[in-house]
Protein chains: 4
Amino acid sequence: MHKGAASLARLGQNLSPQQLIGALVERGELTDPGSPRGRLLNVAARQFEQKGYARTTVRDIASEVGILSGSIFHHFASKEQILCAVMREVTIFASARMRSAMQQAESPRDKLRACIQSELEAIHGQAVPGFSILVLEWRSLSKDSRKEVLRLRDEYEHIWLIAIRAAKCPGGDAALVRRLLVGALSHTYSWFKPRGKGLSIAELADRILLIFAP
Amino acid sequence: MHKGAASLARLGQNLSPQQLIGALVERGELTDPGSPRGRLLNVAARQFEQKGYARTTVRDIASEVGILSGSIFHHFASKEQILCAVMREVTIFASARMRSAMQQAESPRDKLRACIQSELEAIHGQAVPGFSILVLEWRSLSKDSRKEVLRLRDEYEHIWLIAIRAAKCPGGDAALVRRLLVGALSHTYSWFKPRGKGLSIAELADRILLIFAP
Amino acid sequence: MHKGAASLARLGQNLSPQQLIGALVERGELTDPGSPRGRLLNVAARQFEQKGYARTTVRDIASEVGILSGSIFHHFASKEQILCAVMREVTIFASARMRSAMQQAESPRDKLRACIQSELEAIHGQAVPGFSILVLEWRSLSKDSRKEVLRLRDEYEHIWLIAIRAAKCPGGDAALVRRLLVGALSHTYSWFKPRGKGLSIAELADRILLIFAP
Amino acid sequence: MHKGAASLARLGQNLSPQQLIGALVERGELTDPGSPRGRLLNVAARQFEQKGYARTTVRDIASEVGILSGSIFHHFASKEQILCAVMREVTIFASARMRSAMQQAESPRDKLRACIQSELEAIHGQAVPGFSILVLEWRSLSKDSRKEVLRLRDEYEHIWLIAIRAAKCPGGDAALVRRLLVGALSHTYSWFKPRGKGLSIAELADRILLIFAP
DNA sequence: CATGAATGAGATTTCATTCAT
DNA sequence: AATGAATGAAATCTCATTCAT
């Protein structure tokens, strides 16, 4: 996995989000968004993010995908497995994206900016929505599933900690800074709309960087 | 209401949380925590915070209060109305608490620290539990209820914006700073435990202040 | 009871609806509409007629009367007893009214007209609403209550049959004619509004007479 | 729809009730009584008629159909939707039946007799039970559902008005005559039993015709 | 794989009724 | 007589999940 990650990093260096997803699909780490399972995951992710896991019924998901609710269980053993799969894929995608983005950045400060922007893109992106599920719906996950996702997540958080330390953020404690950032960034889902006359994601990332690493 | 708020502020300057609640109850702004309705709201708030609104059943609440589930509907027309009432009361209490805390602080920086600490105390405190619900369960609220709570919330957010502007945080945009703080602070609910060998709430507030207003 | 009925007939000959009610109250046959119990019955009757017995809650009734639902049970042992009482009083009032009206009429035809008009007034009147409950909510009554109301009703129906026979309605069978009239008249509740530019109750009675006794 | 109605009339001229239902099912206007949904509607109609809508529970219906109560909501969103569907189907069937009956009659008087008999058969018949529900349970329907059923009912009432006018009933006003007939006929449900030594439906229709069109 | 029907456990809600004060 | 709180049985409804076709 480490080896895989490294080679992907090289691979991902100049890829668009779509191309990155393509590469990850090829490696069997992400589900093809064009496949029935992939469409299902995308629809589920969007609805979980919009309405929350508990308020989303498998019928809702099925009907948007264009199948009947019973058919979902040919793809997933349970509703919770859908949530778990969404979280896994979101984590994998966000990890790959962030690693690639960071490698293209040079200064420590730019690397941190890249992290922030990368996470914002995961939250607000269309490709594999949505990072905020990882925070908002964490309690909806069973213990076993949490462990599984946490294992994937560790690597991701590790990159962040390195970036924060390198950028010498005030406040000293990198773990604290990261925790504040997790909350702050995931909450952007409920007020920031990238499409519009307001800030772009890149601009928002800049502003946030200015605060956390002045 | 403005006049009322002002006089309460004077009144609240030296009050303990319990006394503050007492004063608000007297004014008819909060439900008496000793009344059946008040006990119900407190229990509901705690459970909504712990398990989430959807995973809390009215039976759970009723059984902790010591009544049968049907009896709840003597006090509230629906489960959602309980959530709405919880949010209303939490907002009112948090507003009063923060206003009082801010008035006791002197410098702009101390005022912002007071805001941060006050919100952290609301999130992690025991007096009127349920502050994090405002963020975590916002999507569980119907549109009409949201409007109602938002009206109360405006006043609370207004205090924040004034404090942020006065403290001259970098990043310039007070609204943006507040939004990041909302996410960052509410997320502390899931990782920060005030009882323990780690940071105290006051220390955490200091650290956060250091980041947002270095 | 026969003797009582006869003396009331004499008494009632020139009474307005209000006066008739007054006389019946005096004799202990009707509840005083000004008394708590009487107000309760009036409110219940109106609501049963408008929404139906099953869709009317004791809370609805209590709240219109201005008391709490529990207090209703100081006056009536059960909701069904309210319905039963309403039906009893409606029957008694309608009987007295019709007897009085018939005595003032002279020709058999006029007597039948008086019956029709009298029943229409019972259905649409404000004094003791509403006769249509007797038809529409018959199935909501327990067997015992039915017997009780039927006993009162017998006398009423007896007057009708005599009037129909005397008027020599075509169709021959007086019982059949009466049954058709029961349905036709009680159904007027759902389409006929006496207040308005349309027909008056007297005019409607005339039209109906024209059909059933041309 | 007008064209469709006309061709069905031709089609229906010699059909038995069962065949008429078959034809309507084919056209998608009625639910197949053999389908789960159709069985459900028939059971519901019978129970609503016998016990009234409010006193019929979805459990009652489900248990007679042979499924669990929860399964009902696979077919209908709410209990009220069942009532609405019953009323829709009853209206459609009764319309088709009456149109067909009227076309087989020749004189205006016979056509009116056919209408009366047809409605009596609908009320007392077994084919698609539930006609009396249209009157008895009208108040159990929500406003929106009422509108929907009223639209279908218009056509049915239109046929009646034409038949009444052509038969030159005394009383002049065809709408009034129809309204009296609605009440009179639907009320037969509670006293007329076609199976017995008494009148047959056809004889009852004759007697009623004699009264309304002497 | 998808469908359509059903399951079944459990959720919220309703509401007549009771009762201590 | 009224209040306010609670009861408790039963109702409607929800929804993830199963399964024969």
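A, B, ... follow the sequence lines: proteins, then strands. Residue 1 opens every chain.
A residue-by-residue look at C:Gly70 and D:Gly66 shows that D:Gly66 has its nearest nucleotide of DNA chain E further toward the 5' end. The nearest heavy atom of DNA chain F to B:Ser69 and to B:Arg39 marks one nucleotide each, and the one closer to the 5' end goes with B:Arg39.
One interatomic measurement links the two molecules: CG of A:Leu40 to C1' of F:dA16, which rounds to 15 Å at whole-angstrom precision.
Shown are B:Leu152, B:Ile92, B:Ile21; of these, the side chain to side chain contact (heavy atoms under 4.5 Å, CB included) with B:Glu29 is made only by B:Ile92.
Within the nucleic acid shown, A:Ile67 comes within 4.0 Å of sugar-phosphate atoms alone, with no base atom in reach, counting heavy atoms only.
Using a 4.0 Å cut-off on heavy atoms, the residues of residues 72-84 of chain A that approach DNA chain F are A:Phe73, A:Ser78, A:Lys79, listed by number. A heavy atom closer than 4.0 Å to some atom of DNA chain E occurs in no member of residues 48-63 of chain A.
In the displayed structure, B:Arg139 atom CZ is contacted under 6.0 Å by more than 12 heavy atoms of other residues, nucleotides or ligands. Annotation for C:Arg37: atom CZ counts as buried by contact number, over 12 foreign heavy atoms lying within 6.0 Å.
Minimum heavy-atom separation, A:Gln81 to A:Ser145: NE2-OG, 4.2 Å. Contact detail for D:Leu41 and D:Ala85: the closest heavy-atom pair is CD2-CB, 3.7 Å. Heavy atoms only, all atoms of each residue included: D:Val90 and D:Phe131 are closest at CG1-CA, 3.6 Å. Of all heavy-atom pairs spanning D:Val86 and D:Ala45, the tightest one is CG1-CB, 3.8 Å.
A salt bridge is absent between A:Asp60 and A:Arg55: the closest approach of a Lys/Arg side-chain nitrogen to an acidic carboxylate oxygen does not fall below 4.0 angstrom.
At distances below 3.5 Å, not a single donor-acceptor pair connects side-chain atoms of A:Glu137 with backbone N or O atoms of A:Leu83.
Heavy-atom contacts of chain C under 4.0 Å fall on DNA chain E between two terminal nucleotides, which in 5' to 3' order are E:dC15 to E:dT18.
OP1 or OP2 of F:dA1 has not a single side-chain nitrogen or oxygen of C:Ser71 nearer than 4.0 Å.
Side-chain contact between B:Ile133 and B:Trp138: absent, with no pair of heavy atoms (C-beta onward) separated by less than 4.5 Å. Contact of the D:Leu141 side chain with the D:Val149 side chain is registered, since non-hydrogen atoms from C-beta on lie closer than 4.5 Å.
Counting only Watson-Crick or G-U wobble pairs whose defining distances are both under 3.5 Å, the stems of 3 or more consecutive pairs in DNA chain F are E:2-21 with F:2-21.
Screening residues 75-88 of chain A for salt bridge (Lys or Arg N to Asp or Glu O under 4.0 Å) gives A:Arg88-A:Glu148 as the qualifying pairs, with residues at least two apart or on separate chains.
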Counting only pairs under 3.5 Å, give me each side-chain donor-acceptor contact of residues 61-74 of chain B, with atom names and distances, residues two or more places apart or in other chains.
unit_1: B:Glu64; atom_1: OE1; unit_2: B:Gln47; atom_2: NE2; d: 2.7
unit_1: B:Glu64; atom_1: OE2; unit_2: B:Arg46; atom_2: NH1; d: 3.0
unit_1: B:Ser71; atom_1: OG; unit_2: B:Leu68; atom_2: O; d: 3.4

